[in-house]
There are 2 protein chains.
Amino acid sequence: MARPKDADPEQTRATILDAAEDEFADRGFHGTRMVAIAKRAGVTHGLLHYYFDSKDRLYEQVVGRLFGRHRDLFERLTCGGNSLTPRDLVLESFDLFWAHPNQVRIMLWEMASGDDRVERSMKAFYDAMAIALSTLTADTPRTSEPGRDPRDVYVSILGALVVYFFRDPAIKQLFGANRFSDEDRKRRRAHMAALLDLLL
Amino acid sequence: MARPKDADPEQTRATILDAAEDEFADRGFHGTRMVAIAKRAGVTHGLLHYYFDSKDRLYEQVVGRLFGRHRDLFERLTCGGNSLTPRDLVLESFDLFWAHPNQVRIMLWEMASGDDRVERSMKAFYDAMAIALSTLTADTPRTSEPGRDPRDVYVSILGALVVYFFRDPAIKQLFGANRFSDEDRKRRRAHMAALLDLLL
DNA sequence: TCTGTTACTAACAGGCTTGTGAATAATCTA
DNA sequence: TAGATTATTCACAAGCCTGTTAGTAACAGA
């Protein structure tokens, strides 16, 4: 049938975006099939092209939506001339990742591929990291101690920040069934804060 | 032409495995094409099937070879009843990753996908991590302090350990052209050691 | 009520990718 | 030296995936 009574293009569009986000996060760009997205969204795959033209465009939209949230967060944090401290960056990002785990997972696929398909979308995130890094370099007195290069500190924190969200079986097993529970969130967040205290 | 004078099946097999390893590390399982591997190895793609049957089998072989090296390392470290300390695990793994960066990159693809296609191959690595974790849990007195759950410590170290090898543009930019130089290796290794001192 | 537009499906075309099979040349063995 | 074996290529089959196109039902405006 075509055009059911309650047809709402914006709703359909969002449903497709959601389905695409899940599929891309699960299987990466090359691993996802347009028909799989369509099936998840409950439509035929022709409709994906009707709304989003091509697979590449759809992916861009998905990534853009995810990283747009991050960009908004950074703008909020730095509005009124506030400087973005590394601590803010990390803990706020943690909260955002928790709310939108697909973002980390798509980041992970991108970090694995290393090509700059979505470089423009992730630019805001990278820029924010660069700002935080410069703060880090300026504020950290232990810069010249061995093993204390701020770049290394920064990369390690980044690793600790994102790795928790990976779907790796070993990590999954480690935290068991109540992973991603609220209690879990509190514990991991406290750990990240403690890590920042140690390293910054 | 068929069968050139210097034909050496073991050599050809290794060449194909090397090419496949590079391609899979670059583009992940779904992103790599058999013909691309063949081209890289300087053979036709029919030959890949002659040696390795299917794409899946070839991938298994690649992963098996990489993680086999890791398993050998662990066996060496624990031979003669030595216990595998977390410190050993991390620093030795660092050296191994440095020698075989494709391993981390393929691990990354696997961690992204989260499915257990290669679970059997990675089992040795996971088991070693589990052993190290139990040591960590037993030896670390600060277990009950907030933010000091040994599982979190362990996951953060894992993140810091692998993230450096990612091909992410931001990280690439951070360390510039002399990344993966010997000087770079020393600095990062020292950082990992310092991180272990702080966290363990 | 008629006509045009919009959201949507079904079917298909074309290209790409994996895998197969026949052919071939170099080497090994009898 | 003849026949078997092995390593390799070439060409092709079959299926899969993306993207296109024609058609259709509901609704909107005149």
Side-chain angles (χ1 to χ4, degrees), chain A residues 1-64 106 109 113 115 117-118, chain B residues 1-64 106 109 113 115 117-118:
Chain A
M1 78 228 72
R3 187 142 169 177
K5 293 183 180 175
D6 53 356
D8 176 359
E10 278 315 303
Q11 179 57 48
T12 308
R13 195 187 169 83
T15 306
I16 293 172
L17 267 180
D18 289 342
E21 188 182 299
D22 287 340
E23 283 291 323
F24 283 131
D26 274 0
R27 305 186 208 287
F29 182 80
H30 291 290
T32 73
R33 304 293 114 138
M34 291 296 267
V35 282
I37 296 173
K39 196 174 180 184
R40 197 164 202 157
V43 296
T44 48
H45 80 282
L47 204 61
L48 308 194
H49 292 99
Y50 177 76
Y51 277 100
F52 297 97
D53 211 49
S54 68
K55 186 183 179 184
D56 287 79
R57 290 279 187 89
L58 174 55
Y59 186 70
E60 279 172 29
Q61 298 279 318
V62 166
V63 172
I106 285 180
W109 288 108
S113 82
D115 67 31
R117 171 197 296 282
V118 289
Chain B
M1 77 227 72
R3 188 143 169 174
K5 293 183 177 174
D6 53 356
D8 175 358
E10 277 315 303
Q11 178 57 47
T12 307
R13 195 186 169 84
T15 305
I16 293 173
L17 266 180
D18 289 342
E21 188 183 297
D22 287 339
E23 283 291 321
F24 284 132
D26 274 1
R27 307 187 206 287
F29 182 80
H30 291 290
T32 74
R33 305 291 112 133
M34 293 295 268
V35 282
I37 296 173
K39 197 174 179 184
R40 197 165 202 158
V43 296
T44 48
H45 82 281
L47 203 62
L48 307 194
H49 292 98
Y50 176 76
Y51 277 100
F52 297 98
D53 211 48
S54 67
K55 187 182 178 184
D56 287 80
R57 290 280 186 89
L58 175 53
Y59 186 69
E60 278 172 30
Q61 297 279 319
V62 166
V63 173
I106 286 180
W109 289 108
S113 82
D115 67 32
R117 170 197 296 281
V118 288

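Letters A, B, ... are given to chains in the order of the sequence lines, protein chains preceding strands, and every chain is numbered from 1.
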Checklist entry - Quick one: is A/H49 getting a side-chain N or O under 4.0 Å of the D/dT20 phosphate, OP1 or OP2? => result no
Checklist entry - What nucleotide, of C/dG19, D/dG19, C/dT17, holds the atom closest to the side chain of B/R33? => result C/dT17
Checklist entry - Do B/T15 and B/Q11 touch side chain to side chain, with heavy atoms closer than 4.5 Å? => result yes
Next on the checklist: Under 4.0 Å, counting only non-hydrogen atoms across every strand here, what does B/Y51 touch: a base, just sugar-phosphate, or nothing?
Outcome noted: sugar-phosphate
Checklist entry - Can you tell me how far C1' of D/dC17 sits from CG of A/D56, to the nearest Å? => result 13 Å
Item to check | Rounded distance (Å) that lies between atom C1' of C/dT20 and atom CG of B/L48 | outcome: 14 Å
Checklist outcome for this item: Atom CE of B/M34 and atom P of C/dG19 are separated, to the nearest Å, by 6 Å
Item to check | Pairwise distance CH2(B/W109) to CG(B/D26) - rounded to 0.5 angstrom | outcome: 8.5 Å
Item to check | Close side-chain approach of B/R40 to B/D22, heavy-atom, < 4.5 Å | outcome: yes
Checklist entry - Where do B/R13 and B/F52 land on the side chain to side chain contact (heavy atoms under 4.5 Å, CB included) test, with the steps shown first? => result CA-CA 9 Å; B/R13 195 186 169 84; B/F52 297 98; 3.7 Å; yes
Checklist entry - In whole Å, what is the span from the CZ atom of B/F29 to the C1' atom of C/dT17? => result 12 Å
Item to check | Gap between atoms CD1 and P, on B/I16 and D/dA7 respectively (whole Å) | outcome: 11 Å
Checklist outcome for this item: Here the distance between atom C1' of D/dA7 and atom CG of B/L47, to the nearest Å, is 7 Å
Checklist entry - Nearest of C/dA10, D/dG19, D/dT9 to any side-chain atom of B/T44? => result D/dT9
Next on the checklist: Measuring from atom CD1 of A/I37 to atom CG of A/L47, what distance do you get when rounded to the nearest 0.5 angstrom?
Outcome noted: 12.5 Å
Next on the checklist: Of the options D/dT8, C/dC8, D/dA11, whose atoms approach the side-chain atoms of B/H45 most closely?
Outcome noted: D/dA11
Item to check | Length of the NZ-P vector between A/K39 and C/dC8, whole Å | outcome: 20 Å
Checklist entry - According to a strict under-4.0 Å criterion, is B/T12 in side-chain N/O contact with OP1 or OP2 of D/dA7? => result no
Checklist entry - How far does the helix from C/dT1-D/dA30 to C/dA30-D/dT1 bend, going by the axes of its first and last five pairs, to the nearest 10°? => result 10°
Next on the checklist: Students often get this wrong, so: under 4.0 angstrom with heavy atoms, is A/Y50 touching a base, only sugar-phosphate, or nothing?
Outcome noted: base
Checklist outcome for this item: Across all chains, not counting sequence neighbours, the ring-ring contact (aromatic ring centres under 6.0 Å, His included) partners of B/Y59 are B/F24, B/F29
Checklist outcome for this item: Here the distance between atom P of C/dC16 and atom NE2 of A/H30, to the nearest Å, is 15 Å
Checklist entry - Among all residues two or more places apart in sequence or in another chain, which pass the side chain to side chain contact (heavy atoms under 4.5 Å, CB included) test with A/R27? => result A/E23, A/T32
